[in-house]
Every structure is written in C-alpha cells, then in structure tokens.
Amino acid sequence: METGKIIEFWENKRIIAAVCLESRGERLHILTEQNREASLSSNRVINCSDYLVDPALSRDELVLKLKLIVERRNRLKEETNVNELWELLQGEGDIFTGETLAELWFGKQTSSDGISAMQRALSEDKIYFKQKGEKYILNPQELVEQYHLKLEREKEKARETEEVSQWLRQIWSGKKLPLNQATE
C-alpha cells in the first residue's frame with residue numbers, strides 16, 4: 001500500500017477513513033479521521049482511494065483532509081437513492097459489488113469517493129440490500145414489502161405511544177381530561 005493513500009475499513013459497524021502513514025508488509029500504520037494512530041491489517045481495507053495526500057503534512061492537516069474527504073463522501077451518499085437503485089436492478093441479477101453499484105448510480109468513471117458513498121449508503125440500508133462480505137445481495141420483493149410493513153407498524157406504535165405520553169403529561173400538569181382521549 002502506498003504511503004498517503006486514503007483507505008477505509010469497518011470498525012464497530014461503521015466505515016472509518018484513514019490515511020496510510022506506512023506500509024509494513026501486511027500491516028498498515030494509519031491515522032484515522034478521529035485523529036487516532038493504529039496498526040491495521042491490509043485485508044481489512046474495503047476501499048482505497050485513487051489519489052494521495054502528502055504524508056509529510058502535519059497530523060492536524062491530515063485529519064482535516066480526512067474529515068473533508070468524509071464530508072464529500074457523505075454528501076455523495078445523500079445523493080444515493082437505494083430504493084431507486086434496487087428497483088433499477090430488478091431482473092438484472094442478485095449479487096453485486098459496491099464498485100459495480102457505484103458505477104451504475106454515479107456513472108462508469110466513478111471515483112473512490114463514489115464507491116465509498118455507495119458503500120456508506122448500503123451500510124445504512126436495512127431494506128433493499130443485504131451485505132455478505134464485500135458483496136451486496138438484492139433483497140427479494142416479498143422481503144422488502146415485509147420490511148415496509150414492519151416499519152409502518154413501528155411508526156404507528158411510536159405515534160400511539162407519543163399520544164399517550166402527551167395525554168399523561170397533561171394529566172400530570174393538572175389538566176382534567178377524559179380517559180377515552182388517550183386511546184382515540
């Protein structure tokens with residue numbers, strides 16, 4: 001791995017960006033976006049940038065560059081509509097790489113930022129795709145419908161809980177309210 005490359009890896013179910021400060025065979029000495037130095041196995045890298053930062057920059061400058069890169073990738077992630085992508089892929093196969101999905105969404109010449117944005121969007125998706133290793137599997141229509149139904153039930157339950165909570169707060173504040181108002 002080349003010194004100065006921006007890499008990403010999974011840590012605690014989150015994608016973390018880092019700059020490679022030194023490569024020692026299979027181990028990388030990195031600086032993360034959280035300003036933490038660490039040693040990382042190269043097989044944990046899920047995304048490697050197609051550009052370099054100057055590793056001679058100060059630690060603060062490197063962290064600032066990482067944060068700006070992560071912001072750019074998160075903005076691209078917000079442009080990613082996983083539902084539309086899932087609909088587009090119906091009948092086109094079941095298993096895809098993050099790079100393939102990024103190319104489909106952002107265009108053939110997508111950068112490592114686009115690939116990262118896609119991986120970030122897919123990591124947050126719990127409905128349309130299932131991640132298995134480095135691959136993304138399209139969830140079948142029936143499962144997607146079940147997820148949507150479950151989300152609707154959860155929203156309804158949360159709404160009802162909030163209504164009862166408001167009713168109780170009014171009662172505790174001394175307001176006289178009919179009992180049936182909490183259950184309407």
Side-chain angles (χ1 to χ4, degrees), residues 1-2 4-20 28 30-36 38 40-53 62-159:
M1 173 86 44
E2 196 172 349
K5 281 281 190 183
I6 304 298
I7 62 160
E8 290 181 315
F9 61 97
W10 287 102
E11 184 170 89
N12 298 325
K13 298 183 180 183
R14 283 190 51 227
I15 296 175
I16 304 294
V19 62
C20 178
L28 305 175
I30 61 170
L31 176 65
T32 70
E33 63 191 89
Q34 292 93 7
N35 197 9
R36 198 185 89 203
L40 181 76
S41 172
S42 60
N43 66 3
R44 287 191 55 202
V45 174
I46 61 167
N47 189 13
C48 184
S49 68
D50 43 12
Y51 50 86
L52 296 167
V53 295
L62 288 171
V63 170
L64 179 61
K65 284 199 177 285
L66 284 170
K67 288 183 181 205
L68 291 172
I69 289 166
V70 169
E71 283 178 27
R72 182 172 56 240
R73 291 174 175 186
N74 282 332
R75 278 193 307 273
L76 281 172
K77 176 192 76 171
E78 296 305 318
E79 295 174 16
T80 306
N81 186 320
V82 178
N83 177 17
E84 282 183 30
L85 183 62
W86 177 82
E87 288 175 359
L88 176 73
L89 292 169
Q90 294 304 302
E92 300 296 322
D94 293 332
I95 302 174
F96 302 90
T97 65
E99 185 173 352
T100 302
L101 295 171
E103 287 174 356
L104 285 168
W105 188 257
F106 295 111
K108 277 288 185 201
Q109 300 301 327
T110 192
S111 66
S112 56
D113 290 340
I115 295 167
S116 172
M118 181 58 68
Q119 289 170 325
R120 289 167 184 269
L122 292 169
S123 73
E124 293 176 4
D125 171 58
K126 304 298 180 225
I127 297 174
Y128 301 101
F129 292 85
K130 176 179 157 188
Q131 185 176 358
K132 190 160 188 155
E134 295 181 16
K135 305 283 184 182
Y136 297 92
I137 303 166
L138 244 58
N139 280 333
Q141 177 82 33
E142 305 80 41
L143 188 57
V144 169
E145 289 170 1
Q146 287 174 7
Y147 283 139
H148 280 293
L149 200 59
K150 180 181 176 197
L151 289 174
E152 284 302 314
R153 283 193 298 253
E154 288 172 358
K155 282 181 189 176
E156 179 63 24
K157 188 174 182 177
R159 186 191 62 75

Pairwise distance CZ(Phe9) to CG(Asn47) - rounded to 0.5 angstrom = 12.5 Å
Measure the CD1-OG1 distance between Ile95 and Thr100 for me, rounded to the nearest 0.5 Å.
-> 12.0 Å
When you measure from the side chain of Lys130 to the backbone N and O of Ile127, does any donor-acceptor pair fall under 3.5 Å?
-> no
Do Leu101 and Leu89 have side-chain heavy atoms sitting under 4.5 Å apart?
-> yes
Does a side-chain heavy-atom distance below 4.5 Å link Arg75 with Glu71?
-> yes
Residues Trp105 and Asn81: closest non-hydrogen pair is CZ2-N, 3.4 Å
Heavy-atom donor-acceptor pair, Gln131 side chain to Gly133 backbone, under 3.5 Å = yes
Could you state the interatomic distance from CD (Glu79) to CZ (Phe106), rounded to the nearest 0.5 Å?
-> 6.0 Å
Could you verify whether a donor N or O on one side chain and an acceptor N or O on the other, from Glu145 and Gln141, lie under 3.5 Å apart?
-> yes
For Glu134, does the CD atom sit with more than 12 other heavy atoms under 6.0 Å from it, leaving out its own atoms?
-> no
Look up atom CG in Leu138 and atom CD in Gln90, then write down how far apart they are to the nearest 0.5 Å.
-> 5.5 Å
Glu99 side chain to Thr97 side chain, donor-acceptor N/O pair below 3.5 angstrom | no
Closest approach of Leu31 to Leu62 (non-hydrogen atoms, all atoms of both residues) = CD2-CB, 3.8 Å
Salt bridge (Lys or Arg N to Asp or Glu O under 4.0 Å) with Asp113: of Arg72, Arg120, Lys77, only one passes, and it is Arg72
Glu84 vs Leu88, side chain to side chain contact (heavy atoms under 4.5 Å, CB included): CA-CA, chis, key distance, verdict | CA-CA 6 Å; Glu84 282 183 30; Leu88 176 73; over 6 Å; no
Within a strict 4.5 Å, meaning less than it, do heavy atoms of the Ile69 and Tyr51 side chains meet?
-> yes
Close side-chain approach of Ile16 and Gln34, heavy atoms under 4.5 Å | yes
Close side-chain approach of Val19 to Lys5, heavy-atom, < 4.5 Å | no
Is there a salt bridge (charged side-chain N to carboxylate O under 4.0 Å, His left out) between Glu156 and Arg159 once you walk through the steps?
-> CA-CA 5 Å; Glu156 179 63 24; Arg159 186 191 62 75; 2.3 Å; yes
Would you name the heavy atoms of Ala17 and Glu33 that are closest together and state the gap between them?
-> N-OE1, 2.6 Å
Taking all non-hydrogen atoms of both residues into account, name the closest pair between Leu40 and Ile7 and its distance.
-> CD2-CD1, 3.7 Å
Identify the heavy atoms of Ala18 and Leu66 that sit nearest to each other, and give their distance.
-> C-CD2, 3.6 Å
Output the distance between atom CD (Glu8) and atom CZ (Arg14), rounded to the nearest 0.5 Å.
-> 11.0 Å
Closest non-hydrogen atom pair, Ala117 against Leu76 | CB-CB, 3.4 Å
Pair Lys157 + Glu154, salt bridge at N-O below 4.0 Å | no
Judged by atom type as modelled, is there a donor-acceptor pair below 3.5 Å linking the side chain of Gln119 to the main-chain atoms of Gly98?
-> no
Is Asp125 reaching over with its side chain to a backbone N or O of Phe129, donor-acceptor style, under 3.5 angstrom?
-> yes
Hey, could you give me the OG/CD1 distance between Ser112 and Ile6, rounded to the nearest 0.5 Å?
-> 9.0 Å
Is there a donor-acceptor pair under 3.5 Å between the side chain of Trp86 and the backbone N or O of Asn139?
-> yes
Taking side chain as C-beta onward, heavy atoms only, is Glu11 less than 4.5 Å from Thr32?
-> no
